[in-house]
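See below for the structure under consideration.
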There are 2 protein chains.
Amino acid sequence: MSTIKDVAKLSGISRSTVSRVINNHPYVNEEKRIRVKAAMKELGYVPNSSAQRLRGSKTKTIAVLISRIVNPFFSGLVDAMDSVATEAGFQLILCNTRGSKEREMTYLNLLRTKQVDGVVFASIENNWDDIKPYLAYGPIVLCNEYTDQTDIPSFRINHFQASYEATLHFIKQGKTRIGLCRGDETIGSNLGSDREKGFLKALQDHQLTFNEQWLFRNATNFNDGRHVFQKVERMSERPDAIFTGSDEVATGIISESRNSSIHVPNDLSVIGFDDQQIADVITPGLTTIRQPIQKMGEQTMQHMIHILTNQTSLIGHTELLKTELIVRGT
Amino acid sequence: MSTIKDVAKLSGISRSTVSRVINNHPYVNEEKRIRVKAAMKELGYVPNSSAQRLRGSKTKTIAVLISRIVNPFFSGLVDAMDSVATEAGFQLILCNTRGSKEREMTYLNLLRTKQVDGVVFASIENNWDDIKPYLAYGPIVLCNEYTDQTDIPSFRINHFQASYEATLHFIKQGKTRIGLCRGDETIGSNLGSDREKGFLKALQDHQLTFNEQWLFRNATNFNDGRHVFQKVERMSERPDAIFTGSDEVATGIISESRNSSIHVPNDLSVIGFDDQQIADVITPGLTTIRQPIQKMGEQTMQHMIHILTNQTSLIGHTELLKTELIVRGT
DNA sequence: CTGAAAGCGCTAACAC
DNA sequence: GTGTTAGCGCTTTCAG
């Protein structure tokens, strides 16, 4: 493994000038620049990034925290972020927390140990109070998630409103016994509770009462959806519509309904969230709320890179992206 | 940001001993160990990983190359690898090549610049000749992909055989005009060509001829599947069955067929690859070849970590995992 | 068991 | 424009 010293020796030029060539400094004699480049090529020299990092304390690496990469919502987000990051010369460390608070803190420590320049939270497990101290070590940007305990930048949709609209759609269709699936109750996040509030507000605005039995907690994936349906099946008083927090859950419900006499959408309407590929392909087509996933990921990463590049953060900058209700068969 | 020097000063103990405490060396006086730990805590000290890397030339980081994270096959693979890596204290850098040779080489350079300890190829774009030289900088392990140009470890299925079996299934059902979708033609990879060979061998063994028109190249995602169907629709002599390289492509074909008079599976049978969630949910259910994605990812990462930990590689070790034909409606 | 000291490879003043 | 030099923060001989 050759070092800058070897290049200097071979080319007969000092280390500092070699370094200048590496970093494209101006004011380097053209002839020497060529000699240095030739030596670098001959030795197959590449700068050692650990040394550069130690010296410059920049890693050109960003940690992206998500709960499950296999969820198309998150892989879409990561994909969008990756495009922007790559373009700007940054790498991404994949931080798949699997919903674990401990793992989230472990990843957050990458910031303290200078292994990453910044952290993007696309899912959030811990209370903000526990995360806040890490702001001292580098920028943190939120994507999708948010909390009223802080005003750091967040790129997301208005979950209250989206939820209100979905519920309203049910009501307009004459549904009166409307249920709700929500995800885990993360203390530090307002996402789930805002969705619940929007849902309840819509019911309240139309004089509908809510049966607590129709609130399904911790429903986040396909199998959870199947279990939700099984529970519904066993109920004496069943909901006639369910607003789910994700297309995966909704798909699980629809899939499981096929083994039963309860018909979707005649007996049970379903609305999903995200507008994933599957929503368009399943029969009946899944009515769902489309999130601008790509835009959300791109804007988040652009902002992070802006902070990292210009050292200035737009504190309190919250970008609210538009959602759209996609009406299909369910 | 406090350093080892600060800890040494505060505790009144030398840097070397502090370092020993950090690294859990034996032979450190218990009382001193406690004093050091107290000082570390008081200062909120964390070792700077760039310095550790520079000194020790270990990064505890592995690069995973895939072509598209939004493909459920790859996100499943990454998820499995991540579990194993995290468990062993390694991080993953996500290398989404998007099918670009250049980007693949850029990522491969992480190995040269000592930013990662090893590289896993779960997709491969360049010719092996161009990748080979990088073996000098660290271990490379293949997952899913392979090439006969090298015998480095590979964890994968037998694509020839899987393809043969799928084609045989069509033949047993009385199909005679069988088409094939394959992905990009990567020079360095045998995957696509082996699938094609298995397919052709099955036809040949049953005295069926192959119409070149029914070979669809560069079909890798949902939209490609839709285009394939559109092409089929315009043909005067249509295939009565298509073996696709992925469930995504198959889903695209089925989805597009709904706007046409060609009925799946009556007029056109389809077999997918991977057995993704969607195969079970779509109607009609998609017949497909199940790959042991999780096991493949886990074994690959276990092997990589084994190499990194024990400095020994099982050259020529190819693990062939079992596939299973899942028969559904198409 | 512990401390002093020598670097790992690189960059950035600083002087020429 | 260019070379000399002093570290960045850490680990690891090598003596004690």
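Just so we're on the same page: letters track the sequence lines, and every chain starts at 1.
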Hey, does the side chain of B:K114 come within less than 4.0 Å of C:dC10's phosphate (OP1/OP2), counting only N and O?
no
Taking CE from B:M1 and P from D:dG9, how many angstroms apart are they, rounded to a whole number?
9 Å
Spacing between B:R15 atom CZ and C:dA4 atom C1', to the nearest angstrom:
9 Å
Could you tell me whether B:R53 contacts a base, only the sugar-phosphate backbone, or nothing, with contacts defined as non-hydrogen atoms closer than 4.0 Å?
nothing
Scan A:T3 against the nucleic acid and name what it touches under 4.0 Å (heavy atoms): base, sugar-phosphate only, or nothing.
sugar-phosphate
Could you tell me whether the phosphate oxygens of D:dC10, OP1 or OP2, come under 4.0 Å of any side-chain nitrogen or oxygen in B:Y45?
yes
Quickly work out the A:K58 NZ to C:dA12 P distance and round it to whole Å.
11 Å
Ignoring the backbone of B:I13, work out which of C:dG3, D:dC10, D:dG9 is nearest its side chain.
C:dG3
Hey, are the side chains of B:V141 and B:F155 touching, using non-hydrogen atoms and a 4.5 Å cut-off?
yes
Could a donor-acceptor pair under 3.5 angstrom be found where the side chain of B:S16 meets the base of C:dA4?
yes
With no hydrogens and no angle check, just 3.5 Å: does a side-chain donor-acceptor pair link A:Q115 and A:R53?
no
Which whole-number value in Å describes the distance from A:R20 CZ to D:dG3 P?
8 Å
5' priority, DNA chain D, between A:G56 and B:N23 [closest heavy atom]
A:G56
Protein-nucleotide distance (B:R33, atom CZ; C:dT2, atom C1'), rounded to Å
13 Å
What nucleotide, of C:dC8, D:dG3, C:dC10, holds the atom closest to the side chain of A:S14?
D:dG3
Nearest whole angstrom, please: distance from the P of D:dG7 to the CD of A:Q52.
21 Å
Tell me whether the side-chain N/O atoms of A:T17 come closer than 4.0 Å to OP1 or OP2 in D:dG3.
yes
I need the CG-C1' distance between A:N48 and D:dC10, as an integer number of Å.
14 Å
Please state whether the phosphate of C:dT2, meaning OP1 or OP2, lies under 4.0 angstrom from any side-chain nitrogen or oxygen of B:K32.
yes
Can B:R33 and B:E30 be counted as an ion pair, charged N to O under 4.0 angstrom?
yes
Side chains of B:I152 and B:L135: does their closest heavy-atom pair fall under 4.5 Å?
yes
Any side-chain heavy-atom pair of A:R35 and A:I13 under 4.5 Å
yes
Rounding to a whole Å, what distance do you find between B:E31:CD and C:dC1:P?
13 Å
Which residue lies more 5' along DNA chain C, comparing B:A51 with B:E30 via nearest heavy atoms
B:E30
